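Worth saying up front: this structure is predicted, and the values here are computed from it rather than measured. A, B, ... follow the sequence lines: proteins, then strands. Residue 1 opens every chain. Note: hydrogens, waters and symmetry copies are ignored here, and every other heavy atom, side chains too, is used.
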There are 2 protein chains.
Amino acid sequence: MARSTTEPRWLDADQQRTWRTYLLGSARLNERLDADLRRFGLDLGEYEILVTLSESPERRVRMSELATAVHQSRSRLTHTVSRMEKAGLVDRQTCPTDRRGVWAHLTDQGFTLLETAAPQHVEAVRRHFVEAVCAEDYAALGRAFAAVIAATEAEPPPSD
Amino acid sequence: MARSTTEPRWLDADQQRTWRTYLLGSARLNERLDADLRRFGLDLGEYEILVTLSESPERRVRMSELATAVHQSRSRLTHTVSRMEKAGLVDRQTCPTDRRGVWAHLTDQGFTLLETAAPQHVEAVRRHFVEAVCAEDYAALGRAFAAVIAATEAEPPPSD
DNA sequence: TTCTTGTAGTTGAAGAATCAACCAATACCC
DNA sequence: GGGTATTGGTTGATTCTTCAACTACAAGAA
């Protein structure tokens, strides 16, 4: 089947402006939150790992579930968890019921670090995001990204 | 001055749900757009560089302006442009009026690649973002990130 | 049982991002 | 003019991510 040769449907000026605003804004937001977490030797990805573990029963989660929860590749998670393990924030436990499985488990030290970092991080999220935006727009943003998630899931990733 | 010891103002359930939806959604969106551009050997950052150059007079922009335009650090841009130069997409021209300055300049080959990639990229942006979201929410999202940008600029980055 | 297929996770090498240090040219100031 | 601070950009080491194998276990079929 031939690729379409019809004229591309470019974005109009408003659509493009919004798209670029999003690109810049999300980049800035990430920058700020990362900079903020760096006081604690963390980045946003590592912080999300700590949060996910802290909210889970026994403070442990299977590696592949964790990868999904923090939207990282399995490989990346392996490396990240290895680093965090070296830093004493998590440890690994082999899963007795499925011996392929590995639990990432939050150590007391990791929990303590999370307790220390969380208040400042949440404040930063408020200042730069939640409270920077009016309530209606914030709610709309939630709907918007829910729709984005649905759209990305509706279509399989390109593989060819 | 002592750090505040008052109870942290956690996000409520709705705020938190939206925040996490954003984190997941933006990660997914990036993933998809990157995957899409990879057919052309590009990632989103490199694509933005090509676009910025293509829209500029003489198809060239000073490195530091370009860094701002594509929200990358100067160092990162230097490395990225070096790679792109090796690939023949851009070249460097020294600026005669300010001999510290360097212009990144889009080559014909770079322009051709952009022309090839752009239609598919724009379609992907439409499918996964612009048209995935209803028009009102899309407009709200634009306002929201404009506010985020303002908020991040209102406060200097943490340095201590 | 054995054979096959799929899932869980890791590994190591290669590629990219970050950080601090650096050089060079300009701008400011006395 | 001469000194100092700033700006523009690069460099190389370190850290992090990605990618393509690869091992080990589990599940299902013959």
Residues which pass side chain to side chain donor-acceptor pair (under 3.5 Å) with Gln16(B), listed by chain and number, not counting sequence neighbours: none

What I'd like to find out is whether the side chain of Val125(A) reaches to under 4.5 Å of the side chain of Leu33(A), using heavy atoms alone. yes

First locate atom CG of Leu66(B), then atom CZ of Arg74(B), and finally report the distance between them rounded to the nearest 0.5 Å. 12.5 Å

For the residue pair Ile49(B) and Leu106(B), establish whether any side-chain heavy-atom pair is separated by less than 4.5 Å. no

Which nucleotide of DNA chain D is the first, and which the last, in the 5' to 3' direction, to come under 4.0 Å of a heavy atom belonging to chain B? dT7(D) to dC19(D)

Going by ring pair (Phe, Tyr, Trp, His ring centres under 6.0 Å), name the pairs with one or both residues in residues 88-119 of chain A, residues two or more places apart or in two chains. none

Of residues 21-29 of chain A, the positions that come close to DNA chain D - non-hydrogen atoms, cut-off under 4.0 Å: none

If you walk 5' to 3' along DNA chain C, what is the first nucleotide with an atom under 4.0 Å of a heavy atom in chain B, and what is the last? dA16(C) to dT26(C)

Remaining members of Ile149(A)'s ILVMFWY cluster at a side-chain heavy-atom cut-off under 4.5 Å? Leu24(B)

State the CG-CG distance between Leu89(B) and Leu53(B), to the nearest 0.5 angstrom. 10.0 Å

Spacing of Thr78(B) atom OG1 and Gln72(B) atom CD [to the nearest 0.5 Å]: 10.0 Å

Pairwise distance CE(Met63(A)) to CG(Leu77(A)) - rounded to 0.5 angstrom: 4.0 Å

Check: Arg59(B)/Thr107(B) side-chain N/O donor and acceptor closer than 3.5 Å: no

For Trp19(B), give me all partners under ring pair (Phe, Tyr, Trp, His ring centres under 6.0 Å), at least two apart in sequence or on another chain. Phe129(A), Tyr22(B)

Mind running a 4.0 Å heavy-atom check of residues 47-61 of chain A against DNA chain C and sending the residues that fall below it, in number order? none

Going by heavy atoms closer than 4.0 Å, what residues in residues 64-71 of chain A are next to DNA chain C? Ser64(A)

DNA chain D nearest-nucleotide lookup for Arg62(B) and Gln72(A): closer to the 5′ end is Arg62(B)

For residues 127-151 of chain B, which residue pairs pass the side-chain hydrogen bond (donor to acceptor under 3.5 Å, both in side chains) check, not counting sequence neighbours? Arg9(A)-Glu131(B), Asp137(A)-Arg143(B), Arg143(A)-Asp137(B), Glu155(A)-Arg127(B), Arg126(B)-Glu131(B)

Selection residues 39-87 of chain A - residue pairs positive for ring pair (Phe, Tyr, Trp, His ring centres under 6.0 Å), sequence neighbours left out: Tyr47(A)-His121(A)

What residues 80-102 of chain A contributes to the DNA chain C interface at heavy-atom separation below 4.0 Å is Arg92(A), Arg100(A), Gly101(A), Val102(A)

When you measure from the side chain of Glu46(B) to the backbone N and O of Asp43(B), does any donor-acceptor pair fall under 3.5 Å? yes

Measure from the side-chain N and O atoms of Gln120(B) to the backbone N and O of Ala117(B), and report whether any donor-acceptor pair falls under 3.5 Å. no

Euclidean distance, Leu44(A) CG relative to Leu29(A) CG, rounded to 0.5 Å: 8.5 Å

Quick one: are Arg20(B) and Glu48(A) in side-chain contact, heavy atoms under 4.5 Å? no

